[in-house]
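Naming: A, B, ... by sequence-line order, numbering from 1 per chain. Reckoned from all heavy atoms, side chains included, excluding hydrogens, waters and symmetry mates. Please read these numbers as outputs of a predicted model, since none were measured by experiment.
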Amino acid sequence: MNENLFASFITPMMFGLPLITLIVLFPSLLFPTSSRLVNNRLISLQQWMLQLVSKQMMSIHNTKGQTWALMLMSLILFIGSTNLLGLLPHSFTPTTQLSMNLGMAIPLWAGAVITGFRNKTKASLAHFLPQGTPTPLIPMLVIIETISLFIQPVALAVRLTANITAGHLLIHLIGGATLALMSINTTTALITFIILILLTVLEFAVAMIQAYVFTLLVSLYLHDNT
Amino acid sequence: SQDSKMASVVPLKEKKLLEVKLGELPSWILMRDFTPSGIAGAFQRGYYRYYNKYVNVKKGSIAGLSMVLAAYVFLNYCRSYKELKHERLRKYH
């Protein structure tokens, strides 16, 4: 049981071929390109959703920040679709791998911070010291602010990994418990099954919320720096 | 009469699979384009065949997307069968 629990998080390989490339590229199949003014239902629904999200998320930025719109929208679509596809039975979720989330978080955060340092150097350095701090506290506070700045990408990546991995693990555990309880006591198994249904609904929500949170935080770091 | 005889003989390479006779099958398979661009072309043709039949229509339904997801689930099951076959309901594992 212990070995089986983490078996679904192993990088999928088949005969030494990296299947994970295909799995990461699969969500792009579900978002066809639109070539007409009025498209089929799938593309129209996706366009409507994308307009809704981009208007809500990019409205807080100035002109320079809005050049990141394509990047942020691709990000939220990728993370959202990958997380939702991971809820299908037997599928592999790439966002459970810390390596991939770090690969997404560090470049985006670094891009936002370096843009800030290059274009608004004084304002970026001023972030290290909140207004109105007493003079003796200044060195310590600068150190704390530096640490909190450098922890941002790590927090982004670990937050996403931990949430999705924990959700999948819980589903596995409670599902296994339901199966084991069926032969012992059917009523308890029924209660556990209801818990499983509620958990699955939660996981659908978490999948989308985590995508939103990741993108929102990146956009916030961008807003600070443009 | 000579033209009608020429017109009725279609070269083997251009026949579709259902029109190929059983005896000609191995030579038909060998004549297919197995270069990388040929294989890419085959995937592209297959994708557009599915897309134009089920998704790119005026009143597409949920079936177009669901069939793709069902195939995805099935392929993942095949991929992880080796680990899954130990989880059958048995008295002794």
Among residues 36-47 of chain A, those lying within the under-4.5 Å heavy-atom range of chain B are A:Asn40, A:Arg41, A:Leu42, A:Ile43
Between atom CG of A:Leu30 and atom OH of B:Tyr72, what is the distance when rounded to the nearest 0.5 Å? 9.0 Å
Just how far is it from atom CG of A:Leu102 to atom OG1 of A:Thr161, taken to the nearest 0.5 Å? 7.0 Å
Check whether B:Lys82 gets within reach of chain A through its side chain, its backbone, both or neither, counting any heavy atom under 4.5 Å. neither
By residue number, those in residues 104-114 of chain A with heavy atoms under 4.5 Å from heavy atoms of chain B are none
For B:Tyr47, does the OH atom sit with more than 12 other heavy atoms under 6.0 Å from it, leaving out its own atoms? yes
Decide if atom CZ of B:Phe34 counts as having more than 12 heavy atoms of other residues, nucleotides or ligands within a radius under 6.0 Å. yes
Nearest 0.5 Å please: distance from the NE2 atom of A:His168 over to the CG atom of A:Leu170. 11.5 Å
Does OH in B:Tyr48 sit with more than 12 non-hydrogen atoms of other residues, nucleotides or ligands closer than 6.0 Å? no
Is B:Leu75 in contact with chain A via its backbone, its side chain, both, or neither, using a 4.5 Å heavy-atom distance? neither
I need the B:Glu83 CD to B:Lys85 NZ distance, nearest 0.5 Å. 9.5 Å
Please output the residues of residues 61-98 of chain A in contact with chain B, using a heavy-atom cutoff of under 4.5 Å, in numerical order. A:Leu85, A:Leu88, A:Pro89, A:His90, A:Ser91, A:Phe92
Should we say atom CZ of A:Phe9 is surrounded by more than 12 heavy atoms from elsewhere, each under 6.0 Å from it? yes
Would you please test A:Leu149 and A:Gln152 for side-chain contact (heavy atoms from CB on, under 4.5 Å) and show each step? CA-CA 6 Å; A:Leu149 180 73; A:Gln152 280 173 351; 3.7 Å; yes
Using non-hydrogen atoms and a limit below 4.5 Å, what part of residues 191-215 of chain A faces chain B? none
B:Val57 portion near chain A, given a 4.5 angstrom heavy-atom threshold: backbone
Using heavy-atom distances under 4.5 Å, tell me whether B:Ile62 contacts chain A through its side chain, its backbone, both, or neither. neither
Please determine whether side-chain contact (heavy atoms from CB on, under 4.5 Å) holds for the pair B:Val68 and A:Phe26, giving the CA-CA distance in whole Å, both sets of side-chain angles, and the decisive distance to 0.1 Å. CA-CA 10 Å; B:Val68 179; A:Phe26 178 69; 3.9 Å; yes
Please work out whether the ring planes of B:Tyr50 and B:Tyr54 are parallel, tilted or perpendicular, with thresholds of 30° and 60°. tilted
Is there a side-chain contact (heavy atoms from CB on, under 4.5 Å) between A:Leu22 and A:Leu19? Walk through the geometry before answering. CA-CA 5 Å; A:Leu22 291 172; A:Leu19 267 184; 3.9 Å; yes
